[in-house]
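Since the structure comes first, as structure tokens, the remarks are kept for the end.
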There are 2 protein chains.
Amino acid sequence: MIAKQRIAYKRSQQRERILEILRNTTEHPTANWLYDHLKQEFPNLSLGTIYRNLRILHEQGKISILDFGSTFDRFDARLDTHYQFICESCGKVCDVDLPVMETLEKKASENLGATIHRHRIEFYGTCAECSYKKEDGK
Amino acid sequence: MIAKQRIAYKRSQQRERILEILRNTTEHPTANWLYDHLKQEFPNLSLGTIYRNLRILHEQGKISILDFGSTFDRFDARLDTHYQFICESCGKVCDVDLPVMETLEKKASENLGATIHRHRIEFYGTCAECSYKKEDGK
DNA sequence: GTTCATGCAAATCGTTTGCACAATG
DNA sequence: CATTGTGCAAACGATTTGCATGAAC
């Protein structure tokens with residue numbers, strides 16, 4: 001478990017673009033989406049680079065990693081605690097505008113005798129568009 | 001998306017034991033844990049069988065699948081909504097005894113115009129034992 | 001020039017699947 | 001005996017990693 005000694009981060013075009021895109025998207029892209037998207041700018045781009053940079057951005061505390069049941073992670077430049085909704089029909093992930101309940105952590109903490117650093121809430125269901133599609137015709 | 005036509009489920013020793021174990025464990029075993037555990041009873045057991053049966057038990061509504069950020073899923077014979085705590089130090093998963101907040105789904109639903117079927121809450125932190133270990137010595 | 005980042009391909013790891021054979025009903 | 005389940009090994013898909021080359025400082 002000897003962590004590879006890293007002295008400093010150097011800048012890289014790719015990393016800066018990844019962060020920029022994440023900051024300008026309300027969607028929560030997957031690694032693969034980022035790859036497809038940036039492939040145009042960097043024709044030789046590789047998926048390894050995407051993943052390495054996502055990990056680095058996460059280490060730097062600049063992005064967060066949202067891991068749901070789905071096989072792939074979603075990445076987000078929003079760092080504050082916020083809740084998510086996942087559409088089980090189309091897979092879309094979006095933020096839910098509900099006040100964050102700090103008290104929950106306290107209660108759970110007392111309950112378990114554990115130290116709690118953070119919590120997540122995920123809502124699962126069918127989004128407005130998908131409900132609409134299902135209603136008419138097929 | 002042609003679902004393989006299944007007429008009926010037949011019983012199988014392996015499946016019954018898997019369910020039995022899940023019902024008698026408060027831990028939330030991984031597929032691999034179940035495999036190791038049952039390998040003694042069924043020396044030729046294969047992981048494929050574990051996964052197939054877990055999926056079938058889930059289809060039958062007898063177990064639930066808990067998927068966290070960790071690479072592997074956890075399985076649970078408790079079916080009612082309940083919240084989880086995940087120790088970031090030892091990876092243990094346990095249930096949190098807090099009242100289920102039905103109203104949350106309603107609020108989120110109004111917020112998004114979506115239909116919400118269920119929600120999950122996960123707390124992340126350090127469990128009592130791990131906190132204790134860290135305190136003294138190393 | 002030393003260190004970090006890239007691209008590429010191979011490796012990893014949890015999970016799924018195709019197939020021939022065994023168990024169930 | 002028709003159908004489902006098993007074991008095995010190969011396949012899968014998201015992510016990671018080793019290595020030689022290229023960019024940053």
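To find a chain, count down the sequence lines: A is the first, B the second, and so on, and within it residues start at 1.
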Fill in the blank from the handout: In whole angstroms, the gap separating P of C:dT15 from CG of B:L54 amounts to 9 Å

Problem - Nearest-Å distance for atom pair OH/P, residues B:Y51 and D:dG7 - result: 15 Å

Handout entry: B:K92: partners by side chain to side chain donor-acceptor pair (under 3.5 Å), with sequence neighbours left out
Key = B:E129

Exercise for the section: Please determine if A:R17 and A:E20 form a salt bridge, counting it only when a charged side-chain N lies under 4.0 Å from a carboxylate O. Expected result: yes

Practice task
Would you kindly confirm whether B:Y124 and A:V100 end up in one hydrophobic cluster when ILVMFWY residues are joined by side chain heavy atoms under 4.5 Å apart?
Solution key: no

Each nucleotide N or O in nucleotides 8-12 of chain C that has a protein N or O under 3.5 Å away: list the pair and distance.
{"from": "C:dC8", "atom 1": "OP2", "to": "A:N44", "atom 2": "O", "distance (Å)": "2.9"}

Handout entry: Contact under 4.0 Å: A:N53 side-chain N or O vs C:dT6 OP1/OP2
Key = yes

Exercise for the section: Find the distance A:L47:CG to D:dA14:C1' and express it as a whole number of Å. Expected result: 9 Å

Practice task
Test B:L54 against every option in B:I63, B:L19, B:T49 by the side chain to side chain contact (heavy atoms under 4.5 Å, CB included) rule and name the one that passes.
Solution key: B:I63

Practice task
Report whether A:L22 and A:L45 are members of the same hydrophobic cluster (ILVMFWY, side-chain heavy atoms less than 4.5 Å apart, transitive linking).
Solution key: yes

Problem - Spacing between B:Q60 atom CD and D:dT4 atom P, to the nearest angstrom - result: 13 Å

Handout entry: Integer-rounded Å distance: D:dT6 C1' and B:R55 CZ
Key = 14 Å

Fill in the blank from the handout: B:F42 CZ to D:dC8 P, in whole Å, measures 14 Å

Exercise for the section: Could you tell me whether B:K39 atom NZ has more than 12 heavy atoms of other residues or ligands within 6.0 Å of it? Expected result: yes

Handout entry: Test side chain to side chain contact (heavy atoms under 4.5 Å, CB included) applied to A:E122 and A:I86, step by step
Key = CA-CA 7 Å; A:E122 293 133 40; A:I86 300 102; 3.8 Å; yes

Mind listing the N/O atom pairs, protein and nucleotides 22-25 of chain C, below 3.5 Å?
{"from": "C:dT24", "atom 1": "O2", "to": "B:K10", "atom 2": "NZ", "distance (Å)": "2.7"}

Practice task
Go through A:E59 and A:R55 one step at a time and tell me if the salt bridge (Lys or Arg N to Asp or Glu O under 4.0 Å) criterion holds.
Solution key: CA-CA 6 Å; A:E59 277 169 29; A:R55 185 158 38 74; 3.7 Å; yes

Practice task
Nearest whole angstrom, please: distance from the C1' of D:dG5 to the CD1 of B:I50.
Solution key: 13 Å

Practice task
Would you kindly give the CG-to-C1' distance between B:L34 and D:dT6, to the nearest whole Å?
Solution key: 17 Å

Handout entry: Whether A:Y83 and A:H119 hold their rings parallel, tilted or perpendicular, with breakpoints at 30° and 60°
Key = tilted

